[in-house]
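Below is one structure; the comments refer to it alone.
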2 protein chains.
Amino acid sequence: MPTYINSAFCKDCSKKLNIFHFLTDDEMNFINEHRHEVKFNPGETIFKQGGAFTHVACLTSGYGKVYIEGMNKKNLVLNILRPTEMIGGPGLFNDFRHHYSVSAIDDVVACFIEVESFMEVAKQNKEFASELFKWINQKGVRNFEKLINLTQKQMPGRIADALLYLSNSVYESDKFTVNISRQDIADLAAMSKESAIRIIKEFKESGFITCEGNDFNILEPKALHKISQTG
Amino acid sequence: MPTYINSAFCKDCSKKLNIFHFLTDDEMNFINEHRHEVKFNPGETIFKQGGAFTHVACLTSGYGKVYIEGMNKKNLVLNILRPTEMIGGPGLFNDFRHHYSVSAIDDVVACFIEVESFMEVAKQNKEFASELFKWINQKGVRNFEKLINLTQKQMPGRIADALLYLSNSVYESDKFTVNISRQDIADLAAMSKESAIRIIKEFKESGFITCEGNDFNILEPKALHKISQTG
DNA sequence: AACTTTGGTTGATAAATGTCAAGCAAAAGT
DNA sequence: ACTTTTGCTTGACATTTATCAACCAAAGTT
């Protein structure tokens with residue numbers, strides 16, 4: 001089983017990433033020449049917090065977990081990545097270090113683009129640069145929301161947010177089977193694993209959701225929204 | 001007393017802002033033609049969260065408070081601005097709304113630059129664009145740190161962070177007199193006013209700081225650092 | 001001078017949350 | 001088939017933190 005492949009052409013995958021929409025054919029080819037693909041096994045580290053920011057990456061298949069390694073070995077999960085999502089971070093154009101880690105949840109294929117080439121294109125192409133600004137700032141808005149959610153809501157509100165996030169943005173269905181652990185859900189909502197389990201149980205008993213093992217079903221999304229709003 | 005003035009020339013103030021270092025004279029003049037200054041009284045709103053992002057601003061004198069208006073009328077103070085600092089936010093190149101509010105702490109003069117002109121220069125000048133990317137991502141890193149500090153430290157660690165921030169980054173001295181309220185300090189550390197007061201009292205009793213009213217003196221910065229590290 | 005308002009402080013209490021320990025079930029290894 | 005490990009779950013408990021109420025002092029008002 002090869003861990004280094006270069007099967008797909010950039011253009012195919014980039015169709016789904018609107019950040020690449022404004023590239024010319026030449027620029028697309030340039031990017032294509034400065035990229036490579038890597039396969040990861042479940043649990044393996046794709047980006048390591050503190051490490052050198054040498055490449056931007058793009059998940060072409062599989063799920064990934066983006067998390068900040070915080071204090072006392074505690075992680076804060078920022079988001080769950082699906083194909084096809086780009087992975088960057090605030091080290092770009094800055095200190096060129098990774099400020100979060102990314103690990104493979106299941107079998108993952110990631111496409112790595114050399115950061116110099118990526119930035120060169122960003123400097124050449126104004127539209128691309130604008131999209132990049134937009135992309136970075138969208139992440140920024142999401143982090144603001146996370147800051148408020150995690151500091152001003154109590155546990156039921158935070159778990160409601162986490163479940164709605166998984167349902168709406170990750171698995172895109174009311175019914176979904178998670179491939180992340182309870183600890184990951186807890187790290188998404190910034191609480192202890194035990195507390196997360198207890199709140200999920202409460203939601204189950206209230207009839208807002210069903211949950212057998214890793215199978216979730218959001219029965220009353222409106223109720224969860226309300227809990228999220230209330231705090 | 002005029003509230004609309006246009007006294008200073010852009011170039012003077014921009015010397016201190018390294019983001020403007022790479023502008024040509026023409027670009028500088030262009031910015032200069034598309035800016036205006038406004039005076040604010042203490043407490044007045046400079047940027048309003050949710051409002052249209054029509055201008056980037058720069059504090060030319062006085063102190064400002066950047067805060068997210070969260071749930072249940074609770075605010076989260078992101079940082080305290082001093083002259084000469086630029087104010088933007090993740091609405092730029094994105095949805096062109098403000099995602100935080102900014103208010104004047106004391107008498108403030110702010111210089112507003114039209115966002116279209118600002119972006120035009122960013123698209124023209126690659127070096128400026130790079131600096132802008134860097135600036136935005138530096139804010140992003142700081143927000144990551146805030147996310148960890150506020151979700152993974154308990155109150156003493158968070159107050160230690162707040163005091164060190166005020167000492168090192170805002171008033172730039174071990175001895176300083178705050179012009180913000182106890183509530184603001186609490187909002188900086190994401191806790192209730194009463195809790196903030198209590199922790200400050202504990203630090204006083206431990207001999208780490210002195211504090212009479214608004215006069216603070218950091219006696220043992222190392223002790224505060226340790227508390228910040230421990231959580 | 002008397003009154004009101006505002007921000008700061010304190011104590012008592014209740015609520016929220018984490019920690020610890022134990023138990024359980026499924027999966028993995030031998 | 002047995003053991004071991006791993007992740008999930010639950011209960012009891014301790015700690016952290018917010019809330020509420022009262023009080024105080026300074027500053028502003030009448």
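Given the structure is predicted, the values throughout are model-derived calculations rather than measurements. Reminder, nothing fancy here: chain letters follow the sequence lines and each chain counts from 1.
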Examine distances only and state if a side-chain atom of B:Asp215 and a backbone atom of B:Cys211 form a donor-acceptor pair shorter than 3.5 Å. no
Ignoring hydrogens and geometry, is there a side-chain-to-backbone donor-acceptor pair from B:Lys153 to B:Ser228 under 3.5 Å?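 Yes; judged by distance alone, with no hydrogens or angles, the pair exists.
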For the side chain of [X], counting heavy atoms from C-beta on, which of [options] is nearest?
X: A:Ile197; options: D:dT9, C:dG18, C:dT9; value: D:dT9
X: A:Lys74; options: C:dT19, D:dT16, C:dT10; value: C:dT19
X: B:Ser192; options: C:dT10, D:dA18, C:dT19; value: D:dA18

Side-chain donor or acceptor of A:Glu194 under 3.5 Å from a matching atom on the base of D:dC8? no
Answer yes or no: does a side-chain N or O of [X] lie under 4.0 Å from OP1 or OP2 of [N]?
X: B:Ser195; N: D:dT17; value: no
X: A:Lys193; N: D:dG7; value: no
X: A:Arg198; N: D:dT9; value: no

Whether B:Glu172 and B:Arg82 form a salt bridge (side-chain N of Lys/Arg under 4.0 Å from carboxylate O of Asp/Glu) is what I want to check.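 Salt bridge between B:Arg82 and B:Glu172, a charged N being under 4.0 Å from a carboxylate O: yes.
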Nearest whole Å is fine: how far is [N] [atom2] from [X] [atom1]?
X: A:Ile180; N: D:dG7; atom1: CD1; atom2: C1'; result: 14 Å
X: B:Lys153; N: D:dT15; atom1: NZ; atom2: P; result: 23 Å
X: B:Ile200; N: C:dG8; atom1: CD1; atom2: C1'; result: 11 Å
X: A:Lys73; N: C:dT19; atom1: NZ; atom2: P; result: 16 Å
X: B:Ile185; N: C:dG7; atom1: CD1; atom2: C1'; result: 12 Å
X: A:Met155; N: D:dT16; atom1: CE; atom2: P; result: 16 Å
X: B:Leu150; N: D:dA18; atom1: CG; atom2: P; result: 12 Å
X: B:Asn214; N: C:dT6; atom1: CG; atom2: C1'; result: 13 Å

What do you reckon, are the aromatic ring centroids of A:Phe53 and A:His98 less than 6.0 Å apart? yes
Can you check whether A:Ile46 reaches A:Phe112 side chain to side chain, under 4.5 Å on heavy atoms? yes
